[in-house]
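First the structure, in the form of structure tokens, and then the observations on it.
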Amino acid sequence: MSIDKETVAKIAKLARIKVEDNELEKLSVELSETMSWIEQLSEVDTDGVEPLTSVVDMDLYKRADEVTDGGIRDKIVANSPESAEGFFVVNKIVE
Amino acid sequence: MNDLTKLTLKQALDGMNSKEFTSQDITKSHIDAMAEFKGLNAYITETPELAMEQAKASDERRAKGEVGLLEGAPIAMKDLFCTQGVRTTAASNILNNFVPEYTSTVAQNMFDQGMVMLGKTNLDEFAMGSANITSNFGNVINPWKRNSDDKDLVPGGSSGGSSAAVSARIALAATGTDTGGSIRQPAAFTGITGIKPTYGRCSRWGVVAFASSLDQPGSFARTVEDNAIMLQAMAGYDAKDSTSINKPVPNYMAAMTGDIRGLKVGVPKEYRMDGMSDEIAKIWQDGVDWLKDAGAEIVDISLPHTKYALASYYVIAPAECSSNLARYDGVRYGLRVEGDNLDDMYEKTRAAGFGDEVKRRILIGTYVLSAGFYDAYYNKARKVRKLIHQDFVNAYQKCDVILTPTAPSGAFAIGENNDDPITMYLNDVFTVPASMAGMPGISIPAGLSNDGLPLGLQLLGRPFDEETIFKTAGVMEKAANFIAEPSMVFEKAA
């Protein structure tokens, strides 16, 4: 399985990680090697096998739909790189 | 006064109970030793003043007769567990300045039982690695040296700071997390004992997430009994973790009866891999002999899909990590690198915040989850995972515990096994299958390699049957009689 430089650039964009052009070649080689190694899974007969989603045989717990937490706005924004009046501040996104 | 750092956790608790020394005494001894062994880089953040305050408060509680399971014991916390007011980095630049406003459930359980926290231990960035060489805060150095040269060795990973700290006697015990072997493999590399309990036994709430269907908190200590005490304090149901199991926590110390007569011990033939070194094969055979001598019955078993566990792990874990790490966007916490627009800010922040191994895994995860590849890779890997799980279910029809080596070798030097990512991934070949199946496992030190380094044996158990693991490991520990210490600790005493 080969992951070419264009594919690396595409998945880096999807993952929102800036990858410089001069880094694409190395990543292409490394990711291709990893995916080639992963190809061995195709040897396994999985016809009729249900994908495993959880190792614990349980139903998720339910609780009453009521507010159990809150009133901690200042704690929530305390670690923000930039906040103002209890809001997170980001770049302008509407022109 | 004797060197209090040489005590086991149990001996330390007993010594405080009988008023031979106080929590402040033993905490101070550990803080002094931490300064002496600072070069190991086992801690990212040391909190000596906080530890002394906690020790004082513990001594006051004890005077009033309030004595928790960990009362007054100085313990290290992997820097993946959020601790209110104490920086929590996950060894990543992206969380370099993160000071949580809350404490993880496991850490809180331990504080409630009287723990004194010495600091936050180093790890591979976001727990992704097997050698503790991907931390943004530098490599951790194994306190052990091999006979053949004086090179710095890795302490295993990802919980390498915790394993090095307990091995170097700069913590009585430590927490860890295990996603594919991150407790058991470092325990083996540093000559100590570490347990990964059943998935769902310890709450993941407040633990920085890597791969949520695999991550499980556990402990390191220098004896099996000490790990039983640690797990007793850490485990329990937590409504804040949706995969926490609401089952009573049994008395782990009481489970260590020393009697394993009639116990069925499975030995899986698939773990006898091509190229297994003679010393690993020998230590495995020693383990078989010890358990047989103690009255256990050895059963040959088969775990036929073992060979595919690593490859399926390296689809599922990166897939989950790419999703979990999407939260680091420079908005709510952590690093921000300004950009021309919002997307540019995200991309620059994540490029500067994540290290190479983390980026590789996010990219692989994004790839296997992307349109057109989801079925071919992600679903395929989850189907293989089902078969691996079924292998264990079938095996436990025939046996009560499974005995294997913990890792294919002893510790290696920093820079070795680093040619390509897959060589490094092979370190976890014996630990990943049980992680994929959610089964509990322990690693105990079983002997020394020809080059003088500790080698570990792994015992796996049925889901939520940590009791049988502790019981069996206790018997094996006694037979192995592993008393070697890392040379730098030994020399300190001399």
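Values below: all heavy atoms of this structure, side chains included; hydrogens, waters and symmetry mates excluded. Labels below follow one simple rule: chain letters A, B, ... track the order of the sequence lines, proteins then strands, and each chain is numbered from 1.
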Would you say the side chains of B/Lys380 and A/Thr46 form a donor-acceptor pair under 3.5 Å?
-> yes
With a 4.5 angstrom heavy-atom cut-off, which part of B/Ser322 approaches chain A: side chain, backbone, both or neither?
-> neither
May I ask you to name which of A/Gln40, A/Lys75, A/Glu23, A/Glu50 has the most heavy-atom pairs under 4.5 Å with chain B?
-> A/Lys75
How many angstroms lie between atom OG1 of A/Thr34 and atom CZ of B/Arg360, to the nearest 0.5 angstrom?
-> 7.5 Å
In short, side-chain hydrogen bond (donor to acceptor under 3.5 Å, both in side chains) pairs touching residues 60-72 of chain A with sequence neighbours left out are none
Contact origin within B/Glu320 toward chain A - heavy atom pairs under 4.5 Å | neither
For A/Pro81 and B/Gly334, which heavy atoms make the closest approach, and how far apart are they?
-> CG-O, 3.3 Å
Begin with the C-alpha distance, continue with both residues' side-chain angles, and end with the deciding distance and a verdict on side-chain contact (heavy atoms from CB on, under 4.5 Å) for B/Tyr367 and A/Leu31.
-> CA-CA 10 Å; B/Tyr367 182 71; A/Leu31 299 187; over 6 Å; no
Tell me, for B/Met436 versus chain A, whether the close heavy atoms (under 4.5 Å) come from the side chain, the backbone, both or neither.
-> backbone
If you count heavy-atom pairs under 4.5 Å between each of A/Thr7, A/Val44, A/Leu27 and chain B, which one has the most?
-> A/Val44
For the candidates B/Ala239, B/Gly339, B/Ala351, which exhibits the highest count of non-hydrogen atom pairs separated by less than 4.5 Å from chain A?
-> B/Ala351
Would A/Met35 and B/Phe373 satisfy side-chain contact (heavy atoms from CB on, under 4.5 Å), going step by step from the backbone distance to the final call?
-> CA-CA 12 Å; A/Met35 290 312 298; B/Phe373 297 107; over 6 Å; no
Does any heavy atom of chain A fall under 4.5 Å from the side chain of B/Ala376, the backbone, both, or neither of them?
-> neither
Chain A shares the most heavy-atom pairs under 4.5 Å, among B/Leu310, B/Asp344, B/Thr198, B/Val368, with B/Leu310
Enumerate by number any residue of residues 9-21 of chain A whose heavy atoms lie under 4.5 Å from heavy atoms of chain B; in the absence of such residues, state 'none'.
-> A/Ile11, A/Ala12, A/Lys13, A/Leu14, A/Ala15, A/Arg16, A/Ile17, A/Lys18
Out of B/Asn97, B/Asn246, B/Thr349, B/Leu335, which one racks up the most heavy-atom pairs below 4.5 Å with chain A?
-> B/Asn246
Quick one: which of B/Phe354, B/Tyr237, B/Tyr425 has the most heavy-atom pairs under 4.5 Å with chain A, could you say?
-> B/Tyr237
Spacing of B/Ser312 atom OG and A/Ile38 atom CD1 [to the nearest 0.5 Å] | 9.5 Å
Any chance CD of A/Glu43 has more than 12 other-residue heavy atoms, nucleotides or ligands included, within less than 6.0 Å?
-> yes
Just give me the residue among B/Arg385, B/Lys383, B/Lys359, B/Glu338 that pairs up with chain A most often, heavy atom to heavy atom, under 4.5 Å.
-> B/Lys383
Listed by chain and number, what are the salt bridge (Lys or Arg N to Asp or Glu O under 4.0 Å) partners of B/Glu270, not counting sequence neighbours?
-> none
Using a cut-off of under 4.5 Å on heavy-atom pairs, state which of B/Lys307, B/Arg350, B/His305 scores highest against chain A.
-> B/Arg350
Region of B/Tyr102 in contact with chain A, defined by heavy-atom distances below 4.5 Å = neither
Using atom types as modelled and distance alone, determine if a side-chain donor or acceptor of A/Asn79 lies under 3.5 Å from a backbone N or O of B/Arg332.
-> no
Can you measure from OH (B/Tyr308) to CG (A/Leu41) and round to the nearest 0.5 angstrom?
-> 8.5 Å
Rounded to the nearest 0.5 Å, what's the gap from CE on B/Met345 to CG on A/Asn91? Could you check?
-> 5.5 Å
Relative to chain A, which segment of B/Ile316 carries a heavy atom at a distance below 4.5 Å: side chain, backbone, both, or neither?
-> neither
Using a heavy-atom cutoff of under 4.5 Å, enumerate the residues of residues 323-331 of chain B that contact chain A, numbered in order, or state 'none'.
-> B/Gly330, B/Val331
